[in-house]
Amino acid sequence: MIKFIPYEVLTGAENMQKDNDLLNFAIQSQIDYPIFRLYGWKPACVSLGRNQSEDFVDKEFLKSCGIDIVRRLTGGRALLHDDEITYSCVFPVNFLKHGENVTKSYIEISQILINGFKKLGIELDFGGSKPVNTKHDYCMLISTGADLCYQGKKLIGSAQCRKNGYILQHGSILYDYDKELLEKIFKEPADDMSITSIKAIRPDLSRKDIISVFENVDNFIS
């Protein structure tokens, strides 16, 4: 059984603190079940990967746009959290068939997302077919085996961290995005041949439609 935490909208700092608190709760309580959470961000926020340099960030520009900045527990590259739904989950390593293997655990956990979006008529598969361009600071321009794509375009970018026998995995599900704003923040083209959004795939789907499907997340464990 998965414990589902209902969708809520918080600041970037509050969201990252809540993910951290859930991971620590799991460790301290030694839970034997997963936790799955959905959330949004207000105001918009740039999150940096745990070890990512912030040299590229124009903090004055972000401030002028009312955009926060926060650092994640997980690795990877920066994201703009704005018009999206974010998921996070905490899994005991031994709950998964291949929990000790990073790549295989991504596949197992991400199957929940694949199954959920299939209910919405959106068929997703794993990224990693394109070479990684290490020059990109923006995470969604890089497709790896940890990411989920629609027809070769990245829709969900995910990252993990591990601590004391537990995995925290969270990721950004693009509902829509502001191409011009992304390019101003990350100073690189936001290639719409590489990324996509729910609005581009199924403009009739609301955030509520997506959230409602994942309220039944227990049904999506293989």
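Along the sequence shown, residues carry numbers from 1.
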Side-chain touch [X]/[Y], heavy atoms, less than 4.5 angstrom:
| X | Y | answer |
| --- | --- | --- |
| Asp82 | Tyr177 | no |
| Leu174 | Thr196 | no |
| Pro43 | Ile67 | no |
| Met16 | Leu73 | no |
| Tyr175 | Ile210 | yes |
| Arg72 | Arg50 | no |
| Leu38 | Glu215 | no |
| Leu124 | Ile122 | yes |

Nearest heavy atoms of [X] and [Y], plus distance in Å:
| X | Y | result |
| --- | --- | --- |
| Leu48 | Ala78 | CD2-CB, 3.9 Å |
| Leu181 | Cys65 | CD1-SG, 4.4 Å |
| Gly171 | Thr86 | O-CG2, 3.1 Å |
| Tyr166 | Leu23 | CB-CD1, 3.8 Å |
| Gly99 | Ile167 | O-CD1, 3.9 Å |
| Asp32 | Phe95 | O-CD1, 3.7 Å |

So, taking the atom named [atom1] in [X] and the one named [atom2] in [Y], what distance separates them when rounded to the nearest 0.5 Å?
| X | Y | atom1 | atom2 | result |
| --- | --- | --- | --- | --- |
| Ile156 | Ile195 | CD1 | CD1 | 13.5 Å |
| Lys119 | Asn216 | NZ | CG | 9.0 Å |
| Asp125 | Ser110 | CG | OG | 11.5 Å |
| Gln28 | Asn164 | CD | CG | 10.0 Å |
| Lys163 | Asn24 | NZ | CG | 4.0 Å |
| Ser172 | Leu79 | OG | CG | 5.0 Å |

As a quick check of understanding, evaluate side chain to side chain contact (heavy atoms under 4.5 Å, CB included) for Phe186 and Leu80, giving each step before the final call.
CA-CA 9 Å; Phe186 296 104; Leu80 172 63; 4.3 Å; yes

Charged N to carboxylate O below 4.0 Å: is that the case for Glu180 and Lys184?
yes

Glu183 bridged to Lys179 by N-O distance under 4.0 Å:
yes

Between Leu148 and Leu155, does a side chain to side chain contact (heavy atoms under 4.5 Å, CB included) hold up when you go through it step by step?
CA-CA 6 Å; Leu148 291 174; Leu155 176 68; 5.8 Å; no

Looking at Gln30, I'd like to know if its CD atom is crowded, meaning that more than 12 non-hydrogen atoms belonging to other residues, nucleotides or ligands lie closer than 6.0 Å.
yes

Any salt bridge (charged side-chain N to carboxylate O under 4.0 Å, His left out) pairs touching residues 194-203, not counting sequence neighbours?
Arg202-Asp204

Passing option when Asn15 is tested against Arg37, His170, Lys42 for side-chain hydrogen bond (donor to acceptor under 3.5 Å, both in side chains)
Arg37

Which residue, His98, Lys97, Arg162, forms the side-chain hydrogen bond (donor to acceptor under 3.5 Å, both in side chains) with Ser105?
Arg162

Is [X] linked to [Y] within one hydrophobic cluster, defined over Ile, Leu, Val, Met, Phe, Trp and Tyr using a side-chain heavy-atom separation of less than 4.5 Å?
| X | Y | value |
| --- | --- | --- |
| Ile109 | Val102 | no |
| Phe220 | Leu120 | yes |
| Tyr106 | Ile112 | no |
| Phe91 | Met1 | no |
| Tyr150 | Phe117 | yes |

Pair Ile114, Phe126 - check side chain to side chain contact (heavy atoms under 4.5 Å, CB included), show working.
CA-CA 9 Å; Ile114 291 173; Phe126 290 97; 3.6 Å; yes

Evaluate the side chain to side chain contact (heavy atoms under 4.5 Å, CB included) criterion for residues Ile5 and Tyr39: first the C-alpha distance (whole Å), next the side-chain angles of each, then the deciding distance (0.1 Å), finally the verdict.
CA-CA 9 Å; Ile5 297 178; Tyr39 54 94; over 6 Å; no

Is the distance between the ring centroids of Tyr7 and Phe214 less than 6.0 Å?
no

Side-chain donor-acceptor pair present, Asp209, Ser206, cut-off under 3.5 Å
yes

Using modelled atom types only, decide if a donor and an acceptor are shared between the side chain of Lys3 and the backbone of Tyr33 within a distance under 3.5 Å.
no

